[in-house]
Amino acid sequence: MQFSLLRMGSLLILLMLTAFAAAPAQASFPDCNNSAYLARFDARLARESGFLCVESEHVPITSDAGTTHVRIIQHLVADWATRPGAMRSLKEGVSSSARAMSALGGFRISDVSILLVDGFGPGGGSERFGDIAAWTSFDGGDECRITVWLLGPGATASYGAAVVAHELFHCVQRSSLSDAQLRSSSGGGVAGGGTWWTEGSADWFVTLAIPTTPRFMADRVRSFDADSPTTPLNRMSYDAYVFFAWLGGARGPNSVVPFLRAMASSAAESAQRSAMSAALPADQWLRYAQDYRDQRIRDGHGASIGSTPQVGPTYDWEATRTQRIELLPFVIKRANLSFRCGRWRLDPQPRRFHAAKPASGDAWAPIPTTIDAMDGTTREFRFVGIATGTSNVALQVAATREASCQECQASREIDRCLIGTWQLTTDGMQQWVREHAPNFHITRASTEGNTLTLNEDRTFMTGSSHVSASGEMSTPGARAHGTARLAGQVSGRWSAAGGRFNMCPDAGAVAGSVTTTIHGRTITSPMPVNALQPYSQPYVCSGSSLRVTTPVGGGSTVTSVYTKVSGPR
């Protein structure tokens, strides 16, 4: 870079202006003709001789630090490097930023000097639109120093205002945050540590300050759309702008600086994620994921950021099964959930960090615990999830098909008398034991939850039944004592036609045990329970009474009586 190249003019004119140019415009600012001072903007300026500094802009800003000022300074003859409209754009960036900062709420900013250097920047390509356009020093002192290279892409009418606004927000960060927080950034826009919030929030401020959103913001959004399914927010850089667009829009511009103040003082990933988790509650991180999936995020002007989120995989249920969904810390997991014909019971574990909504609906809510698709129409849901800790969350979505859509015993016919919930009031098996096993004496019998609900859509559900009985049996030379316990719950389909009541289990289980004591020895063994199978029984339903006859072998039958406790009578 040659700073002296093409510097032309009359020596006489230079000498006439030197006295004016050499004097600083504001006593509180350092002398901008001092080579050591200039070198703090760009080390190459230490070799520059005859630098004649002039000030072209001076704007006040009021913050928690009081009234401070922003000045633009440059070499007296640097205009050769200024492209049409660039100076106007740079000045508009300062004045627009000063106005926009009033929306930030509590913040601090020191005096700021923006030096326009008539040359190219040192390179680096961290900005998406070309080489480094500008740079802000986070060094200590009473002043924030911004360098803008006039031959770089940032010093143009297209980008000048945006670049200045971005760098001025870095000055807000410098005064409002701790040195340790600022040092957590990887620097140069490189992802890692606190870079995501350093650069992402500065880009958001650009959209708050500048009347027209710069074109390069679309690149940030496209990058976020491409990376966000797998890349944690804290491993992003400028594309974290999408999050701050959400934060400033959903919670207000005055929420951004407090959020930054809560960020970590360490570049360690665990520290960054712990700070993120503490700065926003989990439900707000989930709302961020929901609004992104719904394309509801808007920039500082209130305009859509134009995101195109990837949809993610589809998890389909045709039968009872459990789907494992891995939620990564601060990664927006998105998917579709699809449930085929049937009645479903869902149990997602854990119940946090995720939400769902019908594909045609507007409201997000927890994953439903029951889904009725008995009409044959597949039920589809959008799904989002985001873990907000330092480690992955293994989400398990267990879906049980309690009833299928198939016919029960080749029939879809039902008896409307049977619709409702029935309570067992007479257990026919106990009466059968009394009549057919005279040596066995029942000493205690109890049933809990022994109900049967028959729905109009041909599905049924038993209560969570617990049955127990104790008895004694006398045989020649021995007396035995036994206790039996049985528990279970079953669901499925039913039908009723031609005086027969049919039940076709689809889900559930029954298990039990038998404990016997004889000759002083006690033995406990599982009760043999047959696998759930469809069965058919003769029945009589009248009003609130249901009598069901069950064969028990050898030509014998038992009749149990149920009483209707709810439903049509």
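Ser184 is linked by a side chain to side chain donor-acceptor pair (under 3.5 Å) to nothing, counting only residues two or more places apart in sequence or in another chain. Under the side chain to side chain contact (heavy atoms under 4.5 Å, CB included) criterion, Ala373 pairs with Arg379, sequence neighbours left out. Ser307 is linked by a side chain to side chain contact (heavy atoms under 4.5 Å, CB included) to Val221, Asp225, Tyr292, Gln295, Ile305, Pro309, counting only residues two or more places apart in sequence or in another chain. In this view, Arg412 and Glu407 satisfy the salt bridge (charged side-chain N to carboxylate O under 4.0 Å, His left out) rule, not counting sequence neighbours.
In this structure, Arg287 forms no cation-pi arrangement with Trp285, as its terminal cationic atom is not both closer than 6.0 Å to the ring centre and no more than 45° off the ring axis. The cationic group of Arg220 lies under 6.0 Å from the six-membered ring centre of Tyr238 and within 45° of the ring axis, placing it in a cation-pi geometry.
Side chains of Arg183 and Gln181: a donor-acceptor N/O pair is absent below 3.5 angstrom, by distance only.
Relative orientation of the Trp246 and Phe243 rings is tilted, given thresholds of 30° and 60° on the angle between their planes. Aromatic ring pairs are classed by plane angle as parallel below 30°, tilted from 30° to 60° and perpendicular above 60°; the pair Phe381 and Phe339 is perpendicular. Taking the six-membered ring where tryptophan is involved, the planes of Phe501 and Tyr539 are perpendicular, since the angle between them exceeds 60° and thus also 30°.
Residue Arg416 qualifies as open at atom CZ: its count of foreign heavy atoms under 6.0 Å is 12 or below. Heavy-atom contacts from other residues, nucleotides or ligands closer than 6.0 Å to CZ of Arg261 number more than 12. Heavy atoms of other residues, nucleotides or ligands lying less than 6.0 angstrom from CZ of Arg215 number 12 at most.
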Acceptor/donor pairs from residues 363-371 side chains to any protein atom, 3.5 angstrom cut, sequence neighbours excluded:
residue : atom : partner : partner atom : Å
Trp364  : NE1  : Asp294  : OD2          : 2.7

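Centroid-to-centroid, the aromatic rings of Trp196 and Phe244 come within less than 6.0 Å.
For the pair Arg493 and Asp506, the salt-bridge criterion is met [side-chain N within less than 4.0 Å of a carboxylate O].
The list of salt bridge (charged side-chain N to carboxylate O under 4.0 Å, His left out) pairs with a residue in residues 266-277, not counting sequence neighbours, reads Arg235-Glu269, Glu269-Arg273.
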